Peer 1: 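One structure, as structure tokens, below. Some questions next.
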Amino acid sequence: MRYPMDEAALQARLLEWYDVNARSFPWRVPPGSGRRADPYAVWLSEIMLQQTTTAAVRPYFEAFMARWQDVNALAAADDGEVMAAWAGLGYYARARNLLKCARVVAQEHGGRFPDQYDALLKLPGIGPYTAAAIAAIAFDRPAVVVDGNVERVMARLHCVEDPLPDAKPLLKAHAARLTPRKRPGDHAQALMDLGATICAVKSPTCPLCPWQADCRARTAGMAEALPRRVAKAVKPLRLGHVHIGQRADGAWLLERRPPRGLLGGMLGWPGSEWQEGEFPDAQPPAKGRWRCAGAEVRHTFTHFHLRLMVHVARLPADSAPARGFFLPAADFRPSDLPSVMRKAFNIARKALAAD
DNA sequence: TAAACGTGGAG
DNA sequence: TCTCCAAGTTT
């Protein structure tokens with residue numbers, strides 16, 4: 001016989017814990033401050049935090065807030081500048097959708113974010129999690145916020161042994177039953193803080209948990225083993241070339257990648273397709289004395305490993321490339337590149353410096 | 001529905 | 001070195 005959980009008691013103990021232990025972030029308002037977070041800051045942080053750690057997000061969030069202080073400023077921003085500011089954070093569709101969303105909010109909602117889950121869900125880049133998070137955190141609506149942390153906490157609290165992702169609907173139902181009418185924003189953030197600190201993926205510190213007496217996985221000695229997941233597919237290895245050319249005046253030969261797909265909309269070096277099995281033929285983007293840089297890029301994306309052979313050349317002042325464009329040295333910042341392209345640049349820089 | 005979509009830190 | 005995976009969304 002399993003006794004029903006006392007939701008009211010769980011809610012109360014969680015908020016008590018949060019009032020004392022809430023983490024501090026630049027996008028967050030402390031509990032009990034009586035203030036409500038700026039919806040723009042909540043939205044921006046939630047988009048950045050999708051599948052991304054708080055440590056990685058923090059400097060990007062600060063930079064975006066300093067440069068584009070509200071949704072109207074962001075809506076008016078140059079696409080290339082926003083993509084450059086996002087460079088290194090990954091999942092670049094988020095940046096493309098961020099701009100789309102800012103422009104919809106500015107043009108169709110008078111520069112104010114909708115305060116309802118259903119309206120938020122219609123905006124580009126906002127899915128079920130983010131719509132609920134904004135509704136709860138920015139507008140204190142009792143939306144059911146379910147991210148990876150909440151799934152893990154629910155799986156352990158209720159000892160759900162079905163593996164993810166199949167268990168998602170059940171875990172969401174558990175989360176829904178626990179969502180309070182009062183302080184739903186703090187409740188959501190408390191649940192995520194609990195998952196990020198106490199109820200961690202590895203080595204959870206159950207003795208510090210406000211729910212230790214209620215947690216069925218802890219009782220069963222299974223907390224760390226949950227949630228289970230279906231095994232992931234092995235990543236194949238893809239091979240390719242990049243060509244990094246510098247003109248006599250210092251300008252670099254770059255290209256803007258297509259607006260969709262991998263690294264879509266980002267700056268990058270001209271190169272080959274990336275294929276499995278063997279290296280494709282190297283086709284330099286401009287005439288010149290190309291040579292191997294002597295090291296290759298190793299990089300892992302979500303669904304494949306990549307090795308890139310790096311080719312470098314010094315190009316003449318009258319170089320007429322078949323693809324790409326020359327970016328003056330003064331306008332080129334390696335930090336504007338996605339990480340894989342920055343790795344290639346670091347290899348090329350050393351090779352060219354050795355000339 | 002399942003695959004595509006980045007990156008860096010932790011163990 | 002290598003696997004896991006973090007505040008998910010889109011197609």
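Since this is a predicted model, take the numbers as computed values, not measurements. Reminder, nothing fancy here: chain letters follow the sequence lines and each chain counts from 1.
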Peer 1: Are Arg229(A) and dA6(C) close enough that a side-chain N or O sits under 4.0 Å from OP1 or OP2?
Peer 2: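 Yes.
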Peer 1: Does dC5(C) have its OP1 or OP2 closer than 4.0 Å to a side-chain nitrogen or oxygen of Lys232(A)?
Peer 2: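 Lys232(A) to dC5(C) OP1/OP2: side-chain N or O found under 4.0 Å.
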Peer 1: Taking only the side-chain nitrogens and oxygens of Thr130(A), find out if one of them lies under 4.0 Å from OP1 or OP2 of dT9(C).
Peer 2: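 Yes, because at least one side-chain N or O of Thr130(A) sits under 4.0 Å from OP1 or OP2 of dT9(C).
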Peer 1: Kindly check if the number of other-residue, nucleotide or ligand heavy atoms within 6.0 Å of CD (Glu224(A)) is above 12?
Peer 2: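 Count over threshold, so yes.
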Peer 1: Closest to the Tyr92(A) side chain: dT9(C), dG6(B), dA6(C)?
Peer 2: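 Nearest listed nucleotide: dG6(B).
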Peer 1: Counting heavy atoms from C-beta on, name the nucleotide in dG6(B), dA6(C), dG11(B) closest to the side chain of Lys202(A).
Peer 2: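 Among dG6(B), dA6(C), dG11(B), the one nearest the side chain of Lys202(A) is dG11(B).
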Peer 1: What integer distance in Å separates Met83(A):CE from dC5(B):P?
Peer 2: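 The distance from CE of Met83(A) to P of dC5(B) comes to 14 Å, rounded to the nearest Å.
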Peer 1: What integer distance in Å separates Arg228(A):CZ from dC4(C):P?
Peer 2: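 Spelled out: CZ on Arg228(A) to P on dC4(C) is 16 Å.
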Peer 1: Return the value, rounded to whole Å, for the distance between atom CG of Leu120(A) and atom C1' of dG8(C).
Peer 2: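 So the two atoms are 16 Å apart, to the nearest Å.
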Peer 1: CD of Glu276(A): more than 12 outside heavy atoms within 6.0 angstrom?
Peer 2: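 Count over threshold, so yes.
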Peer 1: What's the closest nucleotide to the side chain of Gln50(A) if the choices are dG8(B), dT9(C), dG6(B)?
Peer 2: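 Of the options given, the side chain of Gln50(A) lies nearest dT9(C).
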Peer 1: Between Asp70(A) and Arg112(A), does at least one N-O distance fall below 4.0 Å, as a salt bridge requires?
Peer 2: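 The answer is no: the pair does not qualify as a salt bridge.
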Peer 1: Contact class for Leu89(A) vs. all strands (heavy atom < 4.0 Å): base, sugar-phosphate, or nothing?
Peer 2: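 Base contact - Leu89(A) has a heavy atom under 4.0 Å of at least one base atom.
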Peer 1: Send over the distance from Arg298(A) CZ to dT3(C) P, rounded to a whole Å.
Peer 2: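 Whole-Å distance recorded here is 12 Å.
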Peer 1: Rounded to whole angstroms, how far apart are CD1 on Ile134(A) and C1' on dG8(C)?
Peer 2: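 Value for this atom pair: 13 Å.
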Peer 1: Assign Phe304(A) to base, sugar-phosphate, or nothing according to its heavy-atom contacts below 4.0 angstrom with the strands shown.
Peer 2: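 Here Phe304(A) touches no strand at all.
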Peer 1: Taking for each residue the nucleotide of DNA chain C bearing the nearest heavy atom, is the 5' side occupied by Glu46(A) or by Asn97(A)?
Peer 2: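 Final value for this comparison: Glu46(A).
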Peer 1: When you measure from the side-chain N and O atoms of His303(A) to the phosphate of dC5(B), is any distance below 4.0 Å, counting only OP1 and OP2?
Peer 2: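 Answer is yes, contact under 4.0 Å.
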Peer 1: Has Gln51(A) got a side-chain N or O lying under 4.0 Å from the OP1 or OP2 atom of dG8(C)?
Peer 2: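 For dG8(C), OP1 or OP2 has a side-chain N or O of Gln51(A) closer than 4.0 Å.
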Peer 1: Base, sugar-phosphate, or nothing for Thr54(A), non-hydrogen atoms under 4.0 angstrom?
Peer 2: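 Base, at least one base heavy atom under 4.0 Å.
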Peer 1: Could a donor-acceptor pair under 3.5 angstrom be found where the side chain of Thr52(A) meets the base of dG6(B)?
Peer 2: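 Present.
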Peer 1: Take Met192(A) and Gly125(A), find for each the nucleotide of DNA chain C with the closest heavy atom, and name the residue whose nucleotide sits nearer the 5' end.
Peer 2: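 Nearest nucleotide further toward 5': that of Met192(A).
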Peer 1: Does the distance from a Lys or Arg side-chain N to an Asp or Glu carboxylate O, for Asp115(A) and Arg141(A), drop under 4.0 Å?
Peer 2: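 Salt bridge present between Asp115(A) and Arg141(A).
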Peer 1: Expressed in angstrom and rounded to an integer, what is the separation of Leu262(A) atom CG from dG6(B) atom C1'?
Peer 2: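 About 8 Å, once rounded to whole Å.
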Peer 1: Expressed in angstrom and rounded to an integer, what is the separation of Trp86(A) atom CH2 from dG6(B) atom C1'?
Peer 2: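 These atoms are roughly 11 Å apart.
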Peer 1: Using a 4.0 Å heavy-atom cut-off across all strands, classify Val145(A) as base, sugar-phosphate, or nothing.
Peer 2: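 Contact class for Val145(A): none.
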Peer 1: Considering every strand and a 4.0 Å limit on heavy-atom distances, what is the contact class for Gly88(A): base, sugar-phosphate, or nothing?
Peer 2: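 Result for Gly88(A) = sugar-phosphate.
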Peer 1: Need one value for Arg28(A): base, sugar-phosphate or nothing, where a base atom within 4.0 Å counts as base even if backbone is also close, heavy atoms only.
Peer 2: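 Base: the residue Arg28(A), judged by heavy atoms under 4.0 Å, touches a nucleobase.
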Peer 1: For Ala132(A), what residues pass the side chain to side chain contact (heavy atoms under 4.5 Å, CB included) criterion, not counting sequence neighbours?
Peer 2: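 Ala132(A) satisfies side chain to side chain contact (heavy atoms under 4.5 Å, CB included) with Tyr117(A), Ala143(A), Val145(A) only.
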Peer 1: Can you check the Asp193(A) CG to dA6(C) P distance for me, whole Å?
Peer 2: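 Taking CG of Asp193(A) and P of dA6(C), I get 15 Å after rounding.
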Peer 1: Assess whether one donor atom and one acceptor atom, taken from the side chain of Tyr129(A) and the base of dG8(C), lie less than 3.5 Å apart.
Peer 2: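 A donor-acceptor contact between them is absent.
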Peer 1: Tell me whether the count of non-hydrogen atoms from other residues, nucleotides or ligands lying under 6.0 Å of CZ in Arg314(A) goes above 12.
Peer 2: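 Yes - once you tally the heavy atoms of other residues, nucleotides and ligands closer than 6.0 Å, there are more than 12.
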Peer 1: Do the side-chain N or O atoms of Ser339(A) get closer than 4.0 angstrom to the phosphate oxygens (OP1, OP2) of dG8(B)?
Peer 2: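 True: Ser339(A) side-chain N/O within range (under 4.0 Å) of dG8(B) OP1/OP2.
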Peer 1: Please report the distance separating the P of dT9(C) from the corresponding atom of dG8(B), rounded so that it comes out in whole Å.
Peer 2: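 That atom pair is separated by 22 Å.
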Peer 1: What's Thr302(A) touching, base or sugar-phosphate or nothing? Going by heavy atoms closer than 4.0 Å.
Peer 2: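 Result for Thr302(A) = base.
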Peer 1: Applying a 4.0 Å non-hydrogen cut-off, can you work out what Trp27(A) is touching in the nucleic acid: base, sugar-phosphate, or nothing?
Peer 2: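 The answer is base, as Trp27(A) lies within the cut-off (heavy atoms under 4.0 Å) of a base atom.
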Peer 1: Could you walk me through whether Glu62(A) and Tyr60(A) pass side-chain contact (heavy atoms from CB on, under 4.5 Å), step by step?
Peer 2: CA-CA 5 Å; Glu62(A) 302 274 31; Tyr60(A) 284 85; over 6 Å; no
Peer 1: Any side-chain N or O of His299(A) below 4.0 angstrom from OP1/OP2 of dT7(B)?
Peer 2: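 Indeed, a polar side-chain atom of His299(A) lies that close.
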Peer 1: Just to be sure I understand the rule, does Arg152(A) reach a base, reach only the sugar-phosphate, or reach nothing, if contact means heavy atoms closer than 4.0 Å?
Peer 2: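 Result for Arg152(A) = sugar-phosphate.
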